[in-house]
Amino acid sequence: MATVEFRVGARAHIVVDSDVCRSCTTKACVSACPANLFAPTSDGGILFNYEQCFECGTCYMVCNSEGAIEWTYPDGGQGVVFRHG
Ligand code: SF4
Ligand code: SF4
């Protein structure tokens with residue numbers, strides 16, 4: 001194989017409701033995400049960048065505010081493809 005592709009994020013798409021995050025006291029997702037995709041904002045919300053998501057599901061498990069993280073599974077090949085080799 002000359003090229004290895006990881007179609008990370010090709011199916012799952014995560015939406016974070018920053019309005020919910022503003023009332024969150026733990027911000028557990030910030031330290032829990034292995035890709036460091038959750039960035040606290042100055043107004044107490046969360047800036048989330050899904051494009052390098054591993055789809056590991058950790059954020060969904062640690063999020064303590066129901067409804068802040070929403071998973072959807074769109075059809076198609078959207079997402080980032082990493083190549084090396
Ligand atoms: S743990 Fe959930 S509610 Fe709290 S900041 Fe992270 S995504 Fe928002
Ligand atoms: S699924 Fe994993 S990699 Fe993706 S945002 Fe959540 S914790 Fe980070």
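We use all heavy atoms of the structure for the numbers below, so side chains are in, but hydrogens, waters and symmetry mates are not. In listed order, ligands and their atoms are each counted from 1. This is a predicted model, so every value here is computed, not measured.
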What are the two closest heavy atoms between [X] and [Y], and how far apart are they?
| X | Y | value |
| --- | --- | --- |
| V16 | I46 | CG1-CG2, 4.2 Å |
| L37 | Q52 | CD1-C, 3.7 Å |
| I14 | Y50 | O-CB, 4.2 Å |

Considering only protein heavy atoms, which is closest to [atom], and at what distance to one decimal place?
| atom | result |
| --- | --- |
| atom 7 (S) of ligand 2 | C59 N, 3.2 Å |
| atom 2 (Fe) of ligand 2 | C56 SG, 2.2 Å |
| atom 8 (Fe) of ligand 2 | C33 SG, 2.3 Å |
| atom 1 (S) of ligand 2 | G57 N, 3.2 Å |
| atom 4 (Fe) of ligand 2 | C53 SG, 2.3 Å |

When rounded to the nearest 0.5 angstrom, what distance separates [atom1] in [X] from [atom2] in [Y]?
| X | Y | atom1 | atom2 | result |
| --- | --- | --- | --- | --- |
| F48 | C53 | CZ | SG | 5.0 Å |
| T58 | F38 | OG1 | CZ | 9.5 Å |
| F54 | C33 | CZ | SG | 7.5 Å |
| N36 | C29 | CG | SG | 11.0 Å |

Partners passing side chain to side chain contact (heavy atoms under 4.5 Å, CB included) against C24 (at least two apart in sequence or in another chain):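 Applying side chain to side chain contact (heavy atoms under 4.5 Å, CB included) to C24 gives T26, K27, N64, S65.
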Give the atoms of ligand 2, by number and element, whose distance to some non-hydrogen atom of [X] is under 4.0 Å.
| X | result |
| --- | --- |
| P34 | 7 (S) |
| T58 | 7 (S) |
| F48 | 5 (S) |
| F54 | 3 (S), 4 (Fe) |

Quick test of your reading: applying salt bridge (charged side-chain N to carboxylate O under 4.0 Å, His left out), list the pairs with at least one residue in residues 29-41, sequence neighbours left out, ordered by first then second residue.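 Pairs touching residues 29-41 that pass the test: none.
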Verify the cluster assignment for I69 and V30: are they in a single hydrophobic cluster under the rule of side-chain heavy atoms below 4.5 Å apart? yes
So which bit of Y50 gets within less than 4.0 Å of ligand 2, heavy atoms only: side chain, backbone, both or neither?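 Neither; nothing of Y50 gets under 4.0 Å from ligand 2.
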Looking at I69, which atoms of ligand 1 are within less than 4.0 Å of one of its heavy atoms?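 This gives 7 (S) as the contact atoms.
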Identify which protein N/O/S atoms are less than 2.8 Å from atom 4 (Fe) of ligand 1.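 Hits for atom 4 (Fe) of ligand 1 below 2.8 Å: C24 SG.
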Got a sec, which residues hit salt bridge (charged side-chain N to carboxylate O under 4.0 Å, His left out) with D17, two or more places apart in sequence or on another chain?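 If we apply the salt bridge (charged side-chain N to carboxylate O under 4.0 Å, His left out) test to D17, skipping adjacent residues, there are no hits.
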Taking only non-hydrogen atoms of A32, do any sit less than 4.0 angstrom from ligand 2? no
